[in-house]
Amino acid sequence: MHNKTLAELAAGLRAGEFSSEELTRHLLARIGRLDPRLNSVITLTEERALAQARAADARLATGEVGPLTGIPFLHKDIFCTDGVRTSCGSRMLDNFEAPYDATVTEKLAAAGAVMLGKTNMDEFAMGSSNETSFYGPVKNPWDLERVPGGSSGGSAAAVAARLAPAATGTDTGGSIRQPAALCGITGIKPTYGRVSRWGMIAFASSLDQGGPMTRTAEDAALMLAAMAGFDERDSTSIDRPVDDYAAALGRPLQGLRIGLPKEYFGEGLDAAVGAAIEAAIDEYRKLGAEVQDISLPNTALAVPAYYVVAPAECSSNLSRFDGVRFGHRCENPRDLEDLYVRSRGEGFGAEVKRRIMVGTYALSAGYYDAYYLKAQQVRQLIRKDFIDAFEQVDLILGPTSPTPAFRLGEKADDPVTMYLSDIYTIAVNLAGLPGLSIPAGFVDGLPVGLQLIGSYFDEARLLNAAHQYQQVTDWHGRVPEGFE
Ligand code: GLN
């Protein structure tokens with residue numbers, strides 16, 4: 001059962017081949033048996049899962065069901081889940097039970113989904129390797145000595161290891177796409193504003209966006225349809241109808257104009273990863289796409305601009321964790337100042353502290369213009385690069401990450417090298433565009449991810465382009481050894 005895709009499971013449930021309760025028990029047992037190797041799940045919600053599964057079975061019996069009815073999911077532990085610990089990978093929230101569900105978890109539950117539990121992640125979604133989690137690193141199922149990517153590394157590892165057919169993720173600078181690439185799964189970051197951020201713990205609010213992590217583009221289409229939509233509780237949510245992503249999956253790619261940004265194929269790209277991407281480009285040509293070279297001239301400025309904007313927003317967002325209202329509180333504070341300083345000092349890890357310091361500095365009087373304002377101006381240039389490119393092409397194609405999965409510890413002490421693992425993904429968040437990653441080959445047994453970037457609200461076209469590629473390749477169907 002665990003090797004079936006979400007779409008296949010939905011068909012099996014409807015045909016009565018197995019029940020949601022059987023499927024849920026099977027996956028819960030699999031998590032219990034296999035996850036000690038990966039550390040991808042922080043909290044298992046067995047009772048809630050079985051109750052939701054039984055309710056789904058009752059609905060399946062009536063025949064009034066949608067594609068997600070009875071399908072088990074894992075949620076990144078950044079989404080608030082009513083009455084369930086919502087840690088955000090941090091000691092700060094280790095004791096925090098959310099008093100409500102995030103819009104995303106609520107919508108998926110309303111669509112009949114079963115929540116198996118919550119996945120491990122970099123602390124407050126800050127990282128590219130899942131090594132900053134308070135709950136310890138996640139291991140990559142393709143090589144247990146390597147990172148799964150981050151920050152949605154738990155979700156990516158769990159889906160790759162067939163512990164769940166799908167999981168939620170969030171992407172502020174690449175955190176859905178980069179771990180999807182490193183674990184050999186499919187992940188899409190929707191257009192900013194497409195998926196509600198309500199109840200999703202904020203890292204950098206102008207960049208954060210939730211999205212699906214699945215094994216196939218078809219599954220991502222089904223899941224995104226349930227997650228997307230206007231939400232009046234999120235002031236940046238966009239009031240615009242959700243496209244029928246599944247219906248768009250049959251379109252031929254004849255005449256599709258694909259742009260290859262020269263900046264994504266230069267120095268820093270691992271040669272073997274580059275070769276895998278070239279092979280994928282040939283597949284797209286065979287599928288009828290017209291491939292042309294383009295330029296995104298401000299690409300080199302994306303990482304530096306992001307590492308001003310994201311820390312600035314995080315320093316403001318994380319000021320709410322003060323030891324008073326929720327989260328970690330130090331023992332026996334002497335006074336208010338001591339309460340703040342020690343609660344935050346004990347509750348946050350090193351990477352989070354580094355970001356808060358950088359962000360506070362960038363926003364401080366006298367430096368605001370030089371750093372924060374300048375970064376916002378650069379952000380506009382980056383956005384304009386993409387808008388200009390989409391005058392010439394329908395989609396942009398390149399690698400998701402410059403290298404395959406690196407070793408645990410390899411970059412942990414060198415933040416700047418770590419930050420460069422998102423060099424191809426970060427600009428997409430700065431511009432607010434949708435982007436996805438799909439498996440496109442292997443290098444020394446490690447998956448390679450191909451990134452496709454679309455224009456605003458072009459998720460349907462992106463998903464279809466990914467789906468057509470998955471019809472002629474089988475990279476997405478490979479299973480890591482030991483997790484068959
Ligand atoms: N790796 C990037 C960072 O650490 C992106 C993280 C994310 O997308 N949440 O900020």
Side-chain angles (χ1 to χ4, degrees), residues 76-79 88-90 104 119-133 137-138 147-156 167-183 187-190 192 195 197 200-213 302-315 317-318 348-359 362 375 379 400-403 405-406 410-412 414-437 449 451 453:
K76 184 176 183 179
D77 209 13
I78 197 168
F79 290 101
C88 223
S90 182
V104 160
T119 57
N120 203 344
M121 54 179 285
D122 277 302
E123 185 177 12
F124 284 101
M126 299 173 197
S128 309
S129 67
N130 230 289
E131 293 168 294
T132 73
S133 170
V138 176
V147 305
S151 65
S152 312
S155 290
T168 49
T170 62
D171 191 313
T172 304
S175 281
I176 288 178
R177 291 159 289 155
Q178 185 256 15
L182 271 43
C183 289
I188 177 165
K189 179 202 99 73
Y192 183 77
V195 168
R197 292 184 297 108
M200 195 176 104
I201 296 173
F203 160 14
S205 308
S206 76
L207 302 160
D208 298 342
Q209 189 61 198
M213 302 180 77
V303 170
Y306 174 90
Y307 279 99
V308 173
V309 173
E313 292 186 22
C314 109
S315 72
N317 274 323
L318 271 55
F348 292 138
E351 183 61 25
V352 172
K353 287 178 186 163
R354 176 157 40 233
R355 307 265 179 127
I356 292 174
M357 286 191 284
V358 170
R379 186 173 182 177
T400 307
S401 177
T403 64
F406 41 94
E410 189 179 319
K411 301 187 182 181
D414 184 353
V416 174
T417 312
M418 183 75 87
Y419 296 169
L420 290 174
S421 23
D422 298 313
I423 188 154
Y424 306 131
T425 50
I426 271 178
V428 174
N429 300 72
L430 289 169
L433 293 164
L436 62 71
S437 181
Q451 180 173 220
I453 304 165

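All values derive from a computational prediction rather than experimental measurement. As the structure lists them, so they are numbered: ligands from 1, and atoms in each ligand from 1.
Near ligand 1, residues A125, M126, G127, S128, S151, D171, T172, G173, G174, S175, F203, Y306, Y307, R355, D422 come within 4.0 angstrom through at least one heavy atom.
V352 is not listed as a side-chain neighbour of T132, based on a closest heavy-atom distance of 4.5 Å or more.
No hydrogens or angles considered: a donor-acceptor pair under 3.5 Å links the side chains of S152 and K76.
The aromatic rings of Y306 and F203 sit perpendicular, their planes meeting at an angle over 60°, well past the 30° parallel limit.
Residue M213 comes nearest to S155 through the heavy atom pair SD-CB, 3.8 Å, listed as atom of the first residue, atom of the second, then distance.
Note: L318 CG to C88 SG = 8.0 Å, rounded to the nearest 0.5 Å. Taken from CG in L207 to OG1 in T170, the straight-line distance is 11.5 Å, to the nearest 0.5 Å.
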